[in-house]
Amino acid sequence: MNNFRRIVVRTSWFLLVFALVFGSGFWLFFSAGANEVAVQAEKPSRMTIEQYTTATGQIVPSRKVKIKSQANGVLDEVLVKQGQWVKRGDLLARIRLRADPVEVSAVQSQIRKARLEHQRAAIELERRGNLHDQHLISDAAYQDDKLKYDVTKTTLEQAERELELRLKGASQQFKTTSTLITATMDGMVLDHPVEIGDFVIKANDLSEGTTVFTIADMHSLIFKGEVEEADAGRLQEGMPITLNVGALPDEQFEATLDFIAAEAKKTDQGRKVFEIRATIQPKLGVFLRAGYSATAKIVFSRHEQVMTIPEGSLMFRGDESYAKVKLPTGEIVEKKLVTGLSDGLNIEVISGLDEQDSVVSSKAVEKPL
């Protein structure tokens, strides 16, 4: 009985020791395998490297004017519609006058004053004429009196024409009218913010007046956008720009940078930006609308079809660049490189690397268990 018990105890100890040894070896084997890394290597590729910046903005006409009324009144008739092309001098609308009593009263007061001065000048001219006929005053003195008479006559006539315009909207003498609104330039009608029956106010010292129409030259469009302060110093007038318009995803437009603001402005977030403008080259069969959102790509430098590697594969020691290269034998060596242009993801290799070399990635990838 005691012998049997000793055999059971010895067997139990043996199994326990065997389990510990086997488990430790199993754990060490698989732990070492988990820490092994797979070396990733890829050959250099040829591609075009660009350094560029982008600017967001919109498409706007290079010339745009606001058409206003010459008199206070009510919009009586509109003869054009939005999107219609017009020429300078074309009739756009008619105004039904509503004379301002205060202005009419002021003009009537001017007329009364001008008439009195003219009557006084006429009496004085007649008196001085008699003296001139008797050779009691010189010709020069008489001419001065005649000039005063002519000036008062002109002032009276001008005040009477002003009253006529206020009341009728037209001057019969000069065939002019303030009840007609005409185009001041060739272009397209972009907007007419007032409707028939709305009251319109003429421009004066206290008010800019009511805008009746907005006309723009839609044959000459520009891109108006903003660039960050860090990029503004690298821009130059005359640089080519590629535009992508949000409303026309399948189209690209070429433009030329022709304006860079001399002064920065701050955004709501406190960033400093500079305004830029670029003239857009027309594209046959494609109509750009004012206000389209657009993104401009401005290329600073461009190297075409050069040898490149991922920039993450580089190692740096001071000002020198190195890369690990995997040889056909599996050995990994370091090579010193001369690099060029970078786009942030890939970098140009000028020398130090062959097309057949395999560049090792700087990131090691663990083997899965």
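Sequence positions, counted from 1, serve as the residue numbers for this chain.
- Within a 6.0 Å sphere centred on NZ of K335, heavy atoms belonging to other residues, nucleotides or ligands number more than 12.
- Here the CD1 atom belonging to I111 is positioned 7.5 Å from the CG atom belonging to L156, to the nearest 0.5 angstrom.
- In this structure H303 satisfies the ring pair (Phe, Tyr, Trp, His ring centres under 6.0 Å) test with no other residue, sequence neighbours excluded.
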Kindly determine whether K146 and D150 satisfy salt bridge (charged side-chain N to carboxylate O under 4.0 Å, His left out), including the steps that lead there. CA-CA 6 Å; K146 190 173 187 305; D150 292 338; 3.7 Å; yes
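- Taken together through direct or relayed side-chain contacts under 4.5 Å among Ile, Leu, Val, Met, Phe, Trp and Tyr, V86 and M218 form parts of separate hydrophobic clusters.
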Determine, stepwise, if the pair E228 / V273 fulfils side chain to side chain contact (heavy atoms under 4.5 Å, CB included). CA-CA 5 Å; E228 298 290 337; V273 295; 4.2 Å; yes
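- Sorted by first and then second residue, the ring-ring contact (aromatic ring centres under 6.0 Å, His included) pairs involving residues 312-361 (not counting sequence neighbours) form an empty list.
- Listed by chain and number, the residues in a side-chain contact (heavy atoms from CB on, under 4.5 Å) with S138 are A140, A141 (sequence neighbours excluded).
- Of the inter-residue distances, the one linking R46 atom CZ with E348 atom CD reads 9.5 Å to the nearest 0.5 angstrom.
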For residues 242-257, dump all side-chain donor-acceptor pairs below 3.5 Å to protein atoms at least two apart in sequence or in another chain.
from, atom 1, to, atom 2, distance (Å)
N244, OD1, Q252, NE2, 3.2
E251, OE1, K283, NZ, 2.8

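- R94 places a side-chain heavy atom less than 4.5 Å from the side chain of L79.
- One finds the OG atom of S69 at 10.0 Å from the CD1 atom of I201 (value rounded to the nearest 0.5 Å).
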Can you list the steps and then say if I298 with M239 is a side chain to side chain contact (heavy atoms under 4.5 Å, CB included)? CA-CA 8 Å; I298 310 170; M239 277 184 167; 4.0 Å; yes
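- Among residues at least two apart or in separate chains, salt bridge (charged side-chain N to carboxylate O under 4.0 Å, His left out) pairs with a member in residues 311-322 are R317-E334, E320-K336.
- In terms of hydrophobic clustering, with Ile, Leu, Val, Met, Phe, Trp and Tyr side chains grouped at heavy-atom distances under 4.5 Å, I241 and I260 are assigned to a common cluster.
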What's the verdict on salt bridge (charged side-chain N to carboxylate O under 4.0 Å, His left out) for K265 and E226, showing C-alpha distance, side-chain angles and the deciding distance? CA-CA 10 Å; K265 60 182 180 180; E226 296 173 344; 3.1 Å; yes
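- Here H135 contributes atom NE2 and I137 contributes atom CD1; the two are 11.5 Å apart, rounded to the nearest 0.5 Å.
- Open room surrounds NZ on K224; 12 or fewer heavy atoms of other groups in view lie less than 6.0 Å from it.
- Looking at T211, its side chain never comes within 3.5 Å of a backbone N or O of K68 through a donor-acceptor pair.
- Every residue meeting the ring pair (Phe, Tyr, Trp, His ring centres under 6.0 Å) condition with Y142, not counting sequence neighbours, appears here in chain and number order: H132.
- T182 is not listed as a side-chain neighbour of L92, based on a closest heavy-atom distance of 4.5 Å or more.
- Annotation: side chain of I350 is not in contact with side chain of T339 (no heavy-atom distance under 4.5 Å).
- Between Y292 and L288 the shortest side-chain heavy-atom distance falls below 4.5 Å.
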Which side-chain N or O atoms in residues 51-60 pair as donor and acceptor under 3.5 Å with protein atoms at least two apart or in another chain?
from, atom 1, to, atom 2, distance (Å)
Q51, OE1, R234, NH2, 3.2
Q51, NE2, S342, O, 3.2
T53, OG1, D231, OD2, 2.6

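- Residue pairs satisfying the ring-ring contact (aromatic ring centres under 6.0 Å, His included) criterion with at least one member in residues 66-93, sequence neighbours excluded, are listed as follows: W85-H219.
- Between the CD1 atom in I347 and the OG atom in S321 there is a gap of 6.5 Å [rounded to 0.5 Å].
- Counting heavy atoms from C-beta on, the side chains of R302 and E304 come closer than 4.5 Å.
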Side-chain donor-acceptor contacts of residues 184-200 below 3.5 Å, not counting sequence neighbours, with atom names and distances?
from, atom 1, to, atom 2, distance (Å)
D186, OD1, R88, N, 2.6
H192, ND1, V194, O, 3.4
D198, OD2, E195, N, 2.8

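- Cluster partners of M47, by chain and number: I49, V306, L341. The rule joins Ile, Leu, Val, Met, Phe, Trp and Tyr whenever side-chain heavy atoms lie under 4.5 Å apart.
- For the pair L327/I332, no side-chain contact is recorded, criterion being any heavy-atom separation below 4.5 Å from C-beta on.
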Decide side chain to side chain contact (heavy atoms under 4.5 Å, CB included) for L314 and L337; before the verdict, give the C-alpha distance in whole Å, the side-chain angles of both, and the deciding distance to 0.1 Å. CA-CA 9 Å; L314 289 180; L337 307 181; 3.8 Å; yes
Distance-only donor-acceptor pairs under 3.5 Å for side chains of residues 113-122, two or more places apart:
from, atom 1, to, atom 2, distance (Å)
H118, ND1, T152, OG1, 3.2
H118, ND1, K153, N, 3.4

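- Between R277 and I222 there is a side-chain heavy-atom pair separated by less than 4.5 Å.
- When atom types are taken as modelled, the side chain of Q84 and the backbone of K81 share a donor-acceptor pair closer than 3.5 angstrom.
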Criterion side chain to side chain contact (heavy atoms under 4.5 Å, CB included) on K202 and Q70, from CA distance to verdict: CA-CA 5 Å; K202 71 172 183 177; Q70 298 178 5; 5.8 Å; no
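- Heavy-atom contacts from other residues, nucleotides or ligands closer than 6.0 Å to CD of Q134 number more than 12.
- The distance from atom CD of E229 to atom NZ of K272, rounded to the nearest 0.5 Å, is 5.5 Å.
- Note on V338 and V359: separate hydrophobic clusters, where clusters join Ile, Leu, Val, Met, Phe, Trp and Tyr whose side-chain heavy atoms are under 4.5 Å apart, directly or indirectly.
- Annotation for E50: atom CD counts as buried by contact number, over 12 foreign heavy atoms lying within 6.0 Å.
- For the pair D354 (side chain) and D357 (backbone), a donor-acceptor distance under 3.5 Å is absent.
- V65 is not listed as a side-chain neighbour of F213, based on a closest heavy-atom distance of 4.5 Å or more.
- Residue M307 is not grouped with residue L345 when hydrophobic side chains (ILVMFWY) are merged at heavy-atom distances under 4.5 angstrom, including chains of intermediate members.
- In the hydrophobic clustering, L147 connects to V151, either directly or through intervening members, whenever side-chain heavy atoms lie under 4.5 Å apart.
- Residue R63 places its CZ atom among 12 or fewer non-hydrogen atoms of other residues, nucleotides or ligands, all under 6.0 Å distant.
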